[in-house]
Amino acid sequence: MQQKKKLALSTQIFIALVLAIIAGIAFTGNPAIATNYIKPFGTIFLNLIKWIVCPLVFFSIMAGVVSMRDIRKVGAIGGRTVVYYMCTTAFAVAIGLLLANLLKGIFPVLSTTDLSYEPSATSVNFMDTLVGIFPSNFIKPFVDANMLQIIVASLFIGFALILIADRHDIDFKVVDVANDICMKAMEMILKLSPVGVFCLLCPVVAENGPSVLGSLAKVLLVAYLCYVIHAVVVYSASVKVLGHLSPIKFFKGMMPAIMMAFSSASSVGTLPLNMECAQKLGADKEVTSFVLPLGATINMDGTAIYQGVCAVFIASCFGINLTFSQMLTIVLTATLASIGTAGVPGAGMVMLAMVLQSVGLPVEGIALVAGVDRIFDMGRTVVNITGDSSCAIVVSEMQRRREARK
Ligand code: ASP
């Protein structure tokens with residue numbers, strides 16, 4: 001039933017996309033109508049996304065940290081898992097940024113005026129970015145929607161919570177409940193996606209003509225290229241070198257989970273099947289039952305790639321060239337955002353708002369990619385769950401060798 005509902009939403013979004021194109025073409029002679037009367041409803045949708053993203057990041061990262069409280073118990077497994085997850089995610093977003101930058105010549109610069117962007121007067125350098133990550137006020141990060149500061153705050157509070165838990169007999173459920181509330185609100189907002197997509201895309205097509213749509217195919221192609229490169233290069237290398245498993249065997253064994261992830265666009269929904277596949281491929285039961293649920297919560301390589309590619313795409317649509325320090329900020333934000341991205345359909349798009357905000361790119365740019373988010377999502381979820389399993393294989397092998405040495 002749940003599955004049916006999700007598919008229905010994606011069908012609705014697709015229909016909205018087609019209608020937006022038709023209406024947009026119809027308004028090309030008089031785009032002001034679309035801009036003045038249709039776009040405001042799209043703005044409402046975007047405002048809701050902006051509104052929920054801060055508490056969502058705050059509580060979901062905290063829930064992610066709290067879910068790792070067993071790290072101390074599982075010791076080596078936990079440490080290795082987190083290091084593997086963070087490194088592969090940083091690598092993923094770097095691949096996305098690199099390839100999208102190499103190919104950005106094929107992305108258009110939009111002539112649209114309503115997607116206006118005013119670059120900030122001050123240029124940011126790396127040291128400023130570094131200092132700027134740490135908040136000096138508890139409330140201000142939320143008021144300014146400063147994502148990196150919100151992430152730092154939630155990490156600190158999350159770890160503090162773990163450390164005082166024994167002393168105060170704390171029930172971590174509070175964090176889960178707060179996280180669930182934000183997730184539910186996000187789900188409700190995402191239900192408005194068809195209206196949002198229609199109202200945002202229609203004025204863009206009206207102002208730029210239907211040629212803008214060709215660019216969507218191009219950005220999808222770049223994202224899928226990165227997904228494949230990351231999976232084939234990074235996961236093959238790690239399962240081969242660190243996990244001592246043939247990459248062909250690995251991908252073959254993962255096929256059921258991959259297909260499930262592709263059709264459901266949900267890491268969490270694919271979790272049971274993913275555990276089965278990983279165990280059949282030789283991962284220890286104990287390791288998979290820790291590594292995979294954690295991965296479905298905090299490890300999102302595909303989502304990180306998507307965010308890198310979309311950031312470059314949106315920047316180039318606005319005629320902006322990202323600086324090196326902005327790209328470093330994107331690597332950092334997308335890596336940390338991956339901790340806070342829920343393993344459900346569409347969550348990565350909400351987090352894209354945060355990545356764009358972290359480098360001062362216009363969140364309105366999401367309008368350009370929102371209509372085809374489901375297609376991005378299917379691919380990124382496949383990468384997300386494959387990354388989790390590769391980690392289970394690698395960590396299992398490391399554990400076996402550790403025990404053999406003992
Ligand atoms: N749908 C993705 C997943 O479940 C998350 C995302 O939207 O990027 O892994």
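Each ligand, and each atom within it, is numbered from 1 in the order the structure gives. None of the values given here were measured: they were computed from a predicted structure.
Numbered from 1 in the order shown, with element, the atoms of ligand 1 that lie under 4.0 Å from a heavy atom of Met300 read 9 (O). Of all atoms in ligand 1, numbered sequentially from 1 with element shown, those under 4.0 Å from a heavy atom of Arg380 are 6 (C), 7 (O), 8 (O). Of all atoms in ligand 1, listed by their number and element, those nearer than 4.0 Å to a heavy atom of Asn384 are 2 (C), 3 (C), 9 (O). Interface of Thr303 with ligand 1, defined as ligand atoms under 4.0 Å from a residue heavy atom, comprises 5 (C), 6 (C), 8 (O). Atoms of ligand 1 lying under 4.0 Å from at least one heavy atom of Thr381, given by number and element, are 1 (N), 2 (C), 3 (C), 4 (O), 9 (O).
The pair Asp180-Lys173 fails the salt-bridge criterion, with no side-chain N (NZ, NE, NH1 or NH2) lying under 4.0 Å from an Asp/Glu carboxylate O.
The protein heavy atom nearest to atom 1 (N) of ligand 1 is Asp377 OD1, 2.7 Å. Scanning the protein for heavy atoms near atom 4 (O) of ligand 1, the closest one is Ser267 N, 2.8 Å. With hydrogens left out, the protein atom closest to atom 7 (O) of ligand 1 is Gly348 N, 2.7 Å, a heavy atom.
Contact record, Phe251 with Ala231: CZ-O, 3.4 Å, taken as the closest heavy-atom pair. Residues Ser358 and Val355 share a closest heavy-atom pair of OG-O, 2.7 Å. Considering all non-hydrogen atoms of both residues, Thr303 and Gly348 come closest at CG2-CA, 3.7 Å.
Side-chain contact, Asn299 with Tyr84: no donor N or O sits under 3.5 Å from an acceptor N or O.
Contact annotation: the side chain of Arg400 approaches that of Asp284 to within less than 4.5 Å [non-hydrogen atoms, C-beta and beyond]. The shortest distance between side-chain heavy atoms of Lys104 and Asn101 falls below 4.5 Å.
For Ile385, no heavy-atom contact with ligand 1 is shorter than 4.0 Å.
Close N/O approach between Met349 and ligand 1 is not found [any backbone or side-chain N/O within under 3.5 Å].
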